[in-house]
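Beneath this line is the structure, given in structure tokens, with notes to follow.
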Amino acid sequence: MGEDARFGRSPRSLLHPWGVCGHPAHMNAYDPSAIEAKWQAHWAQERTFRTPNPGDVDFDASKPKYYVLDMFPYPSGSGLHVGHPMGYIGSDIVSRRKRMEGYNVLHPMGYDAFGLPAEQYAITTGRHPEETTRENIETYRRQLQSIGLSYDWDRELATCDVDYYRWTQWIFTRLYDRGLAYQTEVPVWWCEELKTVLANEEVIDGKSERGGHPCVRRPLRQWMLKITAYADRLIDDLDLVDWPESVKTMQREWIGRSEGAEIDFQIEGHGGDALRVYTTRPDTLYGATFMVIAPEHPLVERIASDEQREAVAAYARAAAAKSDLQRSELAKDKTGVDTGACAINPIYEEGDPRRRVPIFVGDYVLMSYGTGAIMCVPGHDERDWEFAKTFDLPIVAVVRAEDSPVPPADVPPAECRAGEGITCNSPLWDGLPVAEAKARAIDLLEARGAGTRKVNYRLRDWLFSRQRYWGEPFPVLHLEDGRHVRVPDEALPVELPDMEDFKPSEDGSAPLARATDWVHATEPLSGAAALRDTDTMPGWAGSCWYYLRFMDPQCSTAPLSPEAEDYWGNVDLYIGGTEHAVLHLLYARFWHKVLFDEGVVKTKEPFQRLFNQGMLTAFAYKDSTGRLVSADEVDLSGEKPRAMTSGEELEEVIAKMSKSLKNVVNPDDVCAEYGVDAFRLYEMFMGPLSDSKPWNPRDVPGSRRFLDRFWRLFVDLDGSDPLRSGLESNEEVEPAGEVLVVERALNQCLKRVDDSFQGFKFNTAVAGFMEFVNVASKKGLNGSQADRLVRAVAPFAPHMAEELWSRMGREGSVAHAEWPAVDERYLEADEYEMPVQILGKVRAKVMVPRSASREQMEAAALGAVSDKLEGKTVVKTIVVPGRLVNFVAK
RNA sequence: GGGGAUGUGGCGGAAUCGGUAGACGCAUCGGACUUAAAAUCCGAAGGCCUUGGCCGUCCGGGUUCGAGUCCCGGCAUCCCUACCA
């Protein structure tokens with residue numbers, strides 16, 4: 001321990017006169033907090049990022065448009081963590097560059113503010129969701145603004161604003177008018193513990209997402225949206241859109257279109273009763289040796305034989321107690337019971353013993369897909385194979401591999417053969433490949449009236465109602481005679497009534513049902529008494545069309561004006577996480593297509609290009625007992641992380657940032673310590689935007705150090721001038737000598753920055769800036785170079801760029817300056833270090849002119865490795881112009 | 001079980017068409033400045049062996065003058081999905 005121990009930590013600053021008052025060491029030092037506050041206030045006051053709309057006096061229709069949208073956040077009580085702004089910073093960089101390139105950039109932000117978490121939070125704290133939501137929005141806005149994101153704040157919206165959800169309701173009425181919204185009795189998740197109905201997405205493995213309480217299915221009358229009517233368009237139009245292939249695949253699979261046939265099997269001894277099945281393999285009809293129907297199938301009770309009736313009923317009861325998920329949990333174990341009934345396979349002639357097939361009830365068949373009954377071809381379907389093996393049922397091979405002999409029909413095959421092949425043991429289409437046999441089989445069945453071509457979808461209609469308070473009320477009135485009508489446009493919005501007690505009811509009925517004054521209404525057209533619908537829309541509703549409202553957020557006559565829609569079109573770039581790959585994006589596309597049919601929009605797809613940012617992870621720390629240690633109680637100063645309190649060495653694990661892992665990092669803290677620009681830069685420097693990567697607090701100071709060096713290029717810390725001399729003028733001069741070296745470095749930097757936008761690899765842009773600053777720190781830079789550098793860095797570190805721009809005496813915001821162009825002439829030096837290889841291995845390096853001919857390159861190379869070629873014969877010489885020379889020598 | 005993504009130093013990552021692997025940064029080490037420290041600046045550094053080599057981009061094959069990059073086979077990790085007939 002040295003002398004300084006006497007001073008301790010805090011009195012040390014007394015030695016420095018400027019340390020006493022807490023000001024930076026020099027007036028000229030880089031002081032991010034001062035700069036950032038100054039420019040954020042300036043942007044707000046000048047409305048720098050306001051985007052004029054068609055019709056505004058300052059709107060310039062000659063400029064091309066570019067619409068960059070972030071997936072807006074759900075304003076939770078805990079505020080933003082450093083993962084959220086990752087995509088926002090990326091989209092901000094794109095927006096700022098596009099603006100500098102002369103585009104009218106639409107870059108808005110809002111809040112997905114209706115929904116269950118807010119309501120749940122309100123219930124646990126005893127406060128009204130309106131109040132807590134507004135508070136959370138304040139926090140989010142403050143945090144977003146503090147990051148210097150260039151949103152047009154005049155367009156800010158929240159889905160719970162009356163002026164917004166009025167139009168959500170308006171769109172619902174259009175769905176209603178088109179017959180796309182209907183009510184029906186469907187089983188919904190009920191959680192006894194929470195006394196409430198839960199949405200599918202809130203139930204995981206039969207337990208509530210919050211609290212892990214068991215849930216059961218209950219039938220309830222619900223609003224449904226007929227998204228299945230748009231299934232084909234939702235698949236086909238994926239071709240129009242520039243999205244990651246993985247997301248398109250997920251959507252296609254979610255919709256799950258399949259082509260096949262519905263086939264009727266008469267039931268023996270039941271007169272007209274037929275069992276209708278759906279199959280994608282009508283070509284295997286000759287191999288159908290039994291049937292399985294879902295336990296909920298309406299025919300179950302009727303067809304069961306007397307001997308089997310009790311067993312079948314018991315099985316159906318047991319299945320009802322299980323959820324879909326519980327049923328599939330033990331994926332491989334097939335269960336079922338023989339109903340005792342027999343069906344007639346319509347492909348076999350009368351008198352053929354193979355005509356009669358037994359009917360089983362089994363829960364691997366789902367009532368909710370197809371017809372709830374299947375024909376089973378154990379020879380060519382894995383699941384049927386397992387069932388047949390379990391119950392010792394006959395198996396017939398009716399498809400063979402192309403190069404194998406026809407298997408005998410009376411000997412069960414050794415293994416199941418799903419997929420392609422050549423049909424066999426199938427008299428009416430024997431020898432045809434599977435695809436042709438399918439078509440043939442369907443034609444024959446149709447001719448006989450025993451079946452028909454049919455397309456099925458895995459996608460189900462969208463369960464669109466919640467028995468909850470915090471959502472958009474349905475603009476629907478129920479009349480005394482049982483009919484319902486939608487509320488006319490003039491009577492919109494149907495405002496959510498203010499309720500003291502908004503908790504869900506014990507019996508699962510909607511909280512709005514208790515707002516009796518609100519519920520009792522009159523039908524505007526007839527004046528008849530009516531009751532308001534008391535369900536509310538799910539959280540997804542508001543996010544289905546917010547991107548449209550941003551185009552014209554104040555419009556009071558329509559969701560958006562035709563003029564605004566005409567100009568802005570659709571979203572050019574949509575950035576967000578993969579978690580919305582299916583639901584949100586599918587629902588929004590569905591609504592967009594309805595609005596297209598309605599004439600409200602002229603584009604077929606809402607989001608032209610989609611980009612998914614990667615997930616931000618973080619280190620979490622565990623002690624020897626496996627207990628999690630909060631990240632702010634970990635001492636990282638040494639080589640190994642240690643607990644601050646005990647000094648114990650800790651294990652470091654990488655995990656998603658979450659409260660439960662105690663590894664959440666708040667952007668406010670990072671910005672306060674290192675500055676906003678350093679925070680932005682670090683987030684981009686970590687790696688490609690699409691990659692998942694861990695937040696490493698130890699790396700953040702590096703970005704700040706870079707900004708300090710950048711600043712010092714422009715500002716002399718020891719002087720008092722706002723700018724180093726010679727940097728005010730941006731006059732172009734012919735570069736020579738050292739200036740030429742810097743000019744080349746600058747153009748290489750600008751090129752890298754340009755290229756980094758391809759694929760959102762802003763990490764390489766930051767590296768490019770760092771390399772240039774390293775060069776310029778040694779060799780200096782002139783006014784013209786300084787000018788271009790500041791403009792190029794503006795999208796990345798906008799506050800510092802504005803400050804330097806103003807110190808250079810430029811008029812207006814750098815945000816509206818011109819994006820600096822790369823001058824190709826300076827991209828390459830006259831000479832370069834050429835590697836010389838022998839047998840593909842680098843053996844020497846030699847300086848050659850960039851423009852050297854093949855002969856010159858070869859001669860220079862030969863000179864460099866002549867000693868190493870002694871005693872060897874050069875068999876071949878490969879010369880790659882501008883690259884290298886390789887001698888193949890033996 | 002199915003689908004997708006990823007795999008490069010101690011760490012995050014770079015490498016446009018197959019052409020010098022490890023840019024840039026972090027951490028580390030050394031030096032300068034300092035009474036000292038911090039900060040800053042300068043420099044070193046993939047691994048192994050005696051200068052010169054050898055080995056190195058998850059593993060095993062292949063194509064090529066030349067492979068992180070292309071082809072075949074395998075392993076690991078992460079994400080999504082779950083009997084859809």
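Here is the naming used below: chain letters follow the sequence lines, and residue numbers restart at 1 for every chain. Note that the structure is predicted; figures quoted are calculated from it, not measured.
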Assigned partner base of [N], Watson-Crick or wobble definition, under 3.5 Å:
| N | answer |
| --- | --- |
| B:U34 | none |
| B:A44 | B:U28 |
| B:G1 | B:U81 |
| B:G73 | B:C59 |

Students often get this wrong, so: under 4.0 angstrom with heavy atoms, is [X] touching a base, only sugar-phosphate, or nothing?
| X | result |
| --- | --- |
| A:Ser258 | sugar-phosphate |
| A:Met250 | sugar-phosphate |
| A:Arg712 | sugar-phosphate |
| A:Val880 | base |
| A:Gly702 | sugar-phosphate |
| A:Glu833 | base |

Separation of [N] [atom2] from [X] [atom1] (nearest whole Å):
| X | N | atom1 | atom2 | result |
| --- | --- | --- | --- | --- |
| A:Ile878 | B:A67 | CD1 | P | 12 Å |
| A:Leu717 | B:A39 | CG | C1' | 12 Å |
| A:Leu583 | B:C80 | CG | C1' | 12 Å |
| A:Glu253 | B:G3 | CD | P | 9 Å |
| A:Leu884 | B:G19 | CG | P | 9 Å |
| A:His580 | B:C80 | NE2 | P | 13 Å |
| A:Trp243 | B:G4 | CH2 | C1' | 17 Å |
| A:Gln251 | B:G4 | CD | P | 16 Å |

request  = Look at the aromatic rings of A:Phe706 and A:Phe710 and report parallel, tilted or perpendicular, splitting at 30° and 60°.
outcome  = perpendicular
inquiry  = Tell me whether the rings of A:Phe757 and A:Phe762 are parallel (<30°), tilted (30 to 60°) or perpendicular (>60°).
reply    = perpendicular
query = Quick one: does A:Gln837 reach the base of B:G19 with a side-chain donor-acceptor pair under 3.5 Å?
reply = yes
With rounding to the closest Å, how many angstrom separate the [atom1] atoms on [N] and [M]?
| N | M | atom1 | result |
| --- | --- | --- | --- |
| B:G10 | B:C49 | P | 16 Å |
| B:C42 | B:C24 | P | 13 Å |
| B:A44 | B:C70 | P | 34 Å |
| B:A67 | B:U63 | P | 12 Å |
| B:U51 | B:U35 | C1' | 43 Å |
| B:C58 | B:G13 | P | 14 Å |
| B:A23 | B:G9 | C1' | 13 Å |
| B:U50 | B:C59 | P | 26 Å |

inquiry  = With a 4.0 Å cut-off on N to O distance, would you call A:Lys751 and A:Asp755 a salt bridge?
reply    = yes
From the options [options], select the nucleotide whose nearest atom is closest to the side chain of [X].
| X | options | result |
| --- | --- | --- |
| A:Lys778 | B:C42, B:A85, B:G3 | B:C42 |
| A:Arg698 | B:C26, B:C24, B:A82 | B:C26 |
| A:Val842 | B:A23, B:C65, B:U20 | B:U20 |
| A:Arg705 | B:G4, B:U20, B:U40 | B:U40 |
| A:Val365 | B:G3, B:A85, B:C24 | B:A85 |

message = Walk me through whether A:Tyr674 and A:Tyr682 qualify under ring pair (Phe, Tyr, Trp, His ring centres under 6.0 Å).
response = CA-CA 10 Å; A:Tyr674 301 102; A:Tyr682 173 62; 9.2 Å; no
Using a cutoff of under 3.5 Å, can you pull out all pairs of nitrogen or oxygen atoms linking the protein to nucleotides 47-57 of chain B, with atom names and distances?
{"from": "B:C54", "atom 1": "OP2", "to": "A:Arg843", "atom 2": "NH2", "distance (Å)": "3.3"}

Any side-chain N or O of [X] less than 4.0 Å from the OP1 or OP2 oxygen of [N]?
| X | N | value |
| --- | --- | --- |
| A:Arg458 | B:U81 | no |
| A:Arg883 | B:G66 | no |
| A:Asn612 | B:A5 | no |

Do [X] and [Y] have side-chain atoms, one donor and one acceptor, less than 3.5 Å apart?
| X | Y | answer |
| --- | --- | --- |
| A:Thr423 | A:Tyr286 | no |
| A:Asn456 | A:Ser258 | no |
| A:Tyr364 | A:Asp384 | yes |

task = Tell me, please, which residues at least two apart from A:His297 pass side-chain contact (heavy atoms from CB on, under 4.5 Å).
result = A:Leu275, A:Ile293, A:Leu299, A:Val300, A:Met367, A:Ala373
key: side-chain contact (heavy atoms from CB on, under 4.5 Å) partners of A:Ala388, counting only residues at least two apart   = A:Phe290, A:Pro378, A:Leu393, A:Ile395
task = Nearest-nucleotide wise, let me know which of A:Gly372 and A:Phe887 is further upstream toward the 5' end of RNA chain B.
result = A:Phe887
query = Between A:Leu459 and A:Tyr832, which is nearer to the 5' end of RNA chain B once each is assigned its nearest nucleotide?
reply = A:Tyr832
query = Syn or anti for B:C11, with syn set at within 90° of 0?
reply = anti
ask   = Is B:G30 in the syn range, within 90° of 0, or in the anti range?
value = anti
ask   = Should we say atom NZ of A:Lys868 is surrounded by more than 12 heavy atoms from elsewhere, each under 6.0 Å from it?
value = yes
remark   = Residue pairs meeting side chain to side chain donor-acceptor pair (under 3.5 Å), one or both in residues 833-850 of chain A, sequence neighbours left out, come to none
ask   = What's the verdict on salt bridge (charged side-chain N to carboxylate O under 4.0 Å, His left out) for A:Arg257 and A:Glu259, showing C-alpha distance, side-chain angles and the deciding distance?
value = CA-CA 7 Å; A:Arg257 183 191 153 100; A:Glu259 292 177 19; 2.8 Å; yes
Any protein N or O atoms within reach of nucleotides 12-14 of chain B? Criterion: under 3.5 Å, listing atom names and distances.
{"from": "B:G12", "atom 1": "O2'", "to": "A:Met686", "atom 2": "O", "distance (Å)": "2.7"}
{"from": "B:G13", "atom 1": "O3'", "to": "A:Asn763", "atom 2": "ND2", "distance (Å)": "3.3"}
{"from": "B:A14", "atom 1": "OP1", "to": "A:Asn763", "atom 2": "ND2", "distance (Å)": "3.1"}

note = Sorted by chain and residue number, the salt bridge (Lys or Arg N to Asp or Glu O under 4.0 Å) partners of A:Glu771 (sequence neighbours excluded) come out as A:Arg752
